[in-house]
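In this text, all values refer to a predicted model and were calculated from it rather than measured experimentally. Throughout, numbering of the chain's residues begins at 1 and tracks the sequence.
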Amino acid sequence: MITRFNEHGKNGIFCVAWSHKDSKRIATCSGDGFCIIRTLDGKVLHKYKHPAAVFGCDWSQNNKDMIATGCEDKNVRVYYLATSSDQPLKVFTGHTAKVFHVRWSPLREGILCSGSDDGTVRIWDYTQDACINVLSGHTAPVRGLMWNTEVPYLLTSGSWDYTIRVWDTRDGTCLDTVYDHGADVYGLTCHPSRPFTMASCSRDSTVRLWSLTPLIAPIVVNILTDHSWDDIIGNTDRAMVPGAPPLLCGKISKDIKQELDKLSSDVRMKKLRWFSECFSPPGGSHNLWDLVAVINGQDDSLLPQNYGQGIMHMKHLVRFKTSEAQELTIVKMSKFGGGIGAPSKEERLKNAAEIHIRLGQIQRYCELMVELGEWEKALSVAPGVSMKYWKKLMQRRADQLMQEGNDDVIPYCIATGEVKKLVNFFTSRGQLKEAVLVAQGACEGNIHGPQIASINNAANSDNDNIEKYWGMLHRVCKELAEWYFQDGRAVLAACCHLAVDNAELAMESLIRGNELELAVCVGTVLGESASKATHYVLELLARKYMTTATCFPSVAYRDLAARLLQMIPDNEILLAKLCAFYPGSSAEINDLHEKCGLPTLEECKELAESAHAEGEIFQAVKYYLLSPEPEKALPIGITYVKEQLSSPDWTVDSVYHILDLLSYIRTDRLILPKCSEERNELLILCGYIGALLAIGRQYSSIVPALYEYTSQLLKRREVSVPLEIGQLCRELDVWRNCTYLLKMPESLPYRPPSEAHKREYNQLLSRTKEELIKGLEGPDYVTGSNLPSHSDVQISCFTGLRIQGPAFFLEDGKSAISLNDALMWAKVNPFSPLGTGIRINPF
């Protein structure tokens, strides 16, 4: 301990706060009713007396002499240290219970918030001497408070009701509520260089990390689509306009822009990287961008100092690890040693040796083992260098043992053929009989030195194995990536793939881990090698934004989705899906059609009628969906799909494009009573085709749920489709039997699938074939999948088992499935598992 302050006596101290502007000043609040300001040397500057216990205080980040307090008497006070008065400049009243915490806004001068036991958060304007907003929603005392350091209106609060709420303080809207903690939430804090990564602590004994990036989606998309700085960075006055899209106003974003303005090249890449790291939580994103830079040809001298501590590119691995081993070998100790906890010289040498042997640098390993006195380990692998080196090492060991007078020298001399040296050894010790015995053995030809033959062949046999070694390297990296992925660390999994130049699998890891914004940034920088995956991610992001429930106008999110799709070549069909789904007025829809380069509503109606008359099913469906009567597309498309399913050689590819297009019909039209028959048939067909897609993509956890969903709809709804419940049950049994996923009682012996089952399963697989982006087979696994996700036990409506990891709630607000299952479901069947006809958006 350096210093101890005891001005509060034996009273409890509830808060301590260091001045943001003057590091010599520190404040404390106590149950004795005092807020005491002192310097580090113990000099008391001010003692502000309150009528009751003081629970919280916070220094203004804009005025070094201003501090606010929260008191048990329900009031907030502001004091000005530059005066000698011990009276507050302002007293804010309005709370109906004690005030626990207060926080000044870092971006808006004169604005502060307070959290109270009355369950509310109040926003105060010091300049107006008034409460400008009351944030109501918590059902218990409020404890944690945190302003965002980039978006001036974002405020986060934590409460004894176990929840965390994120507020838009412009109008008091609660943007998000997190229920994951299992007890009172006490503290909230923000990452110093990643302003949208926050941490919370709770009486449930956990600290949890969260990302606020989804709340600023328009900024992310503006960066991805390379919009002007005015749509990304602004001042607080613009950002605080109610309903306006978010803008970055803090120091971190301004520093990024300032650095970008200095660059003359690679501006786009740096912009994506720096903002991506700003928005992404810690967990490998910096490592990922280093590898992207290496692949793009960045000079090695520009790599950061800590590059060697992460996952390195294959061309650097040996060099960096060798350097690390050499650093461990060179021990520079002061006369006082390395200090408490510092590794000893022996430990450093052992660590260095372990690195060398893994790099195949056998001779260095041997020399370090010799220095450590572990001769046996050195000699056991020395032949891997050469027989000549092994012999020299044996001779060095023999010389050492001779100097020690140790009889262990005998086998070393015999093995190396050092007869004269061994005879002299025995003679010098007076062991003449032993000396004679050795000489006799040599005379009879029983002692030979190792045969060290020269190699005259020009070709080295090791070169023949290079291809095999490369395959081994890729396999090991893939296994390591899968280990990271299954541990919920998709970004590090992507790093493993980039380390061996596999951009496709790196993108696959990010996509399956639902790191979509990061995947777009990385894919854009990687260019052609990741273009297909990047286009797929842009499509998923557009789906995310076209169905996002948000406090921002839907027009803004509609435009975000359109801009993302316009980054994809050959985007006409994708833009048509967006326009078909948008539920605006005729004027708004026509405006969107114009932005997307599509005909007007009435023109689409005429084109649909013409295409239908000419038998062009896909075009007819597309243009009817874009017309004033989109429901007319349903019977045309569904009839076509049913005809295809009635043929013996149909495949998923022959029907999916129509069903996928139909699924973008406006929800308000799909749920009309007059569309009930077509709606039911569409849901059933999408469910069945979704099950087949899930089989092909190896989404094993949702295959049974999709078959059950389709079967239940067939049972309960009056429809006419070429599917039968018995057929669905049969296919599911065949799939289970042939993929060994049927859990049989231990008492029953395993029975391999019959030949009939194998034939049926092969036929099933032949129908599921689709052209997939390389590497996208396999289940999704998001960050946190191995963690308990919720304070309450959530049961999956798919499996009946407890959900581990993030849960996704369906539209009834009660039914839940795991986020992993929700992502996979949405990729093969866009409609909700509840059969309502509503699209789900877990992205």
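Counting heavy atoms from C-beta outward, His286 and Arg273 have side chains that approach closer than 4.5 Å. Annotation: side chain of Val185 is not in contact with side chain of Thr163 (no heavy-atom distance under 4.5 Å). Taking 4.5 Å as the limit, every side-chain heavy atom of Arg122 sits out of range of all side-chain heavy atoms of Cys113. You'll find the side chain of Tyr307 reaches within 4.5 Å of the side chain of Met312, heavy atoms only. A heavy-atom distance below 4.5 Å is found between the side chains of Arg103 and His101. Taking 4.5 Å as the limit, some side-chain heavy atom of Ser276 sits within range of a side-chain heavy atom of Trp289. By the 4.5 Å heavy-atom criterion applied to side chains, Thr177 and Ile164 are not counted as neighbours. Considering only heavy atoms from C-beta on, Thr156 stays 4.5 Å or farther from Trp167 through its side chain.
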Side chain to side chain donor-acceptor pair (under 3.5 Å), that's the test. Do Ser202 and Asp184 meet it? Break it down for me. CA-CA 5 Å; Ser202 164; Asp184 311 340; over 6 Å; no

Could you please spell out the steps behind the side chain to side chain donor-acceptor pair (under 3.5 Å) verdict for Ser211 and Thr213? CA-CA 6 Å; Ser211 175; Thr213 303; 3.3 Å; yes

Worked check of side chain to side chain donor-acceptor pair (under 3.5 Å) between Thr120 and His138: CA-CA 7 Å; Thr120 68; His138 285 299; over 6 Å; no

Check the pair Leu510 / Val491 against side-chain contact (heavy atoms from CB on, under 4.5 Å), numbers first and verdict last. CA-CA 6 Å; Leu510 296 176; Val491 177; 4.2 Å; yes

Evaluation steps, side-chain contact (heavy atoms from CB on, under 4.5 Å), between Met146 and Met198: CA-CA 9 Å; Met146 185 193 74; Met198 59 167 278; 3.8 Å; yes

Could you give me the CA-CA distance, side-chain angles and deciding distance for Asn786 and Tyr781, then say whether side chain to side chain donor-acceptor pair (under 3.5 Å) is met? CA-CA 9 Å; Asn786 293 331; Tyr781 214 70; 2.7 Å; yes

side-chain contact (heavy atoms from CB on, under 4.5 Å) between Ile67 and Asp58, worked out: CA-CA 6 Å; Ile67 190 169; Asp58 190 45; 5.9 Å; no

May I have the step-by-step check of salt bridge (Lys or Arg N to Asp or Glu O under 4.0 Å) for Arg489 and Asp487, ending in yes or no? CA-CA 6 Å; Arg489 293 187 279 179; Asp487 196 42; 3.0 Å; yes

List the steps and the verdict of side-chain contact (heavy atoms from CB on, under 4.5 Å) for Tyr48 and Thr69. CA-CA 10 Å; Tyr48 294 124; Thr69 62; over 6 Å; no

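A salt bridge between Arg25 and Asp65 is present, with a side-chain N of the basic residue lying under 4.0 Å from a carboxylate O of the acidic one. Ion pairing between a basic and an acidic side chain is recognised when a charged N comes within 4.0 Å of a carboxylate O; Arg143 and Asp161 show no such pairing. Salt bridge Arg38/Glu7: present, at least one basic N to carboxylate O contact under 4.0 Å. A salt bridge is absent between Glu346 and Lys350; no separation between the charged side-chain nitrogens and carboxylate oxygens falls under 4.0 Å. We find that Glu259 and Lys262 are joined by a salt bridge, their nearest charged nitrogen and carboxylate oxygen being less than 4.0 Å apart. By the 4.0 Å N-to-carboxylate-O rule, Lys43 lies too far from Asp41 to be salt-bridged with it. For the pair Lys98 and Asp117, the salt-bridge criterion is met [side-chain N within less than 4.0 Å of a carboxylate O]. A salt bridge links Arg170 with Asp168: the distance from a Lys NZ or Arg NE/NH1/NH2 to an Asp or Glu carboxylate oxygen falls below 4.0 Å.
More than 12 heavy atoms of other residues, nucleotides or ligands lie within 6.0 Å of NZ in Lys271, so this atom counts as buried by the packing criterion. By the neighbour-count criterion of 12 heavy atoms within 6.0 Å, atom CH2 of Trp229 is densely surrounded, having more than that number from other residues, nucleotides or ligands. Counted within 6.0 Å of NZ on Lys24, heavy atoms from surrounding residues, nucleotides or ligands total 12 or fewer; the atom is thus considered open.
Checked against the 6.0 Å centroid threshold, His50 and Tyr79 count as a close aromatic pair.
Of the possible donor and acceptor atoms, none in the side chain of Thr173 sits under 3.5 Å from a partner among the backbone N and O of Leu175.
Rounding to the nearest 0.5 Å gives a distance of 10.5 Å between CD1 of Ile219 and CG of Leu215.
For the residue pair Leu272 and Ile223, the shortest heavy atom distance occurs at CD2-O, 4.1 Å.
Taking the ring centre of Trp59 as origin, the terminal cationic atom of Lys64 falls outside the region bounded by 6.0 Å and 45° from the ring axis. For the pair Lys90 and Tyr126, the cation-pi test (distance below 6.0 Å, angle within 45°) is passed.
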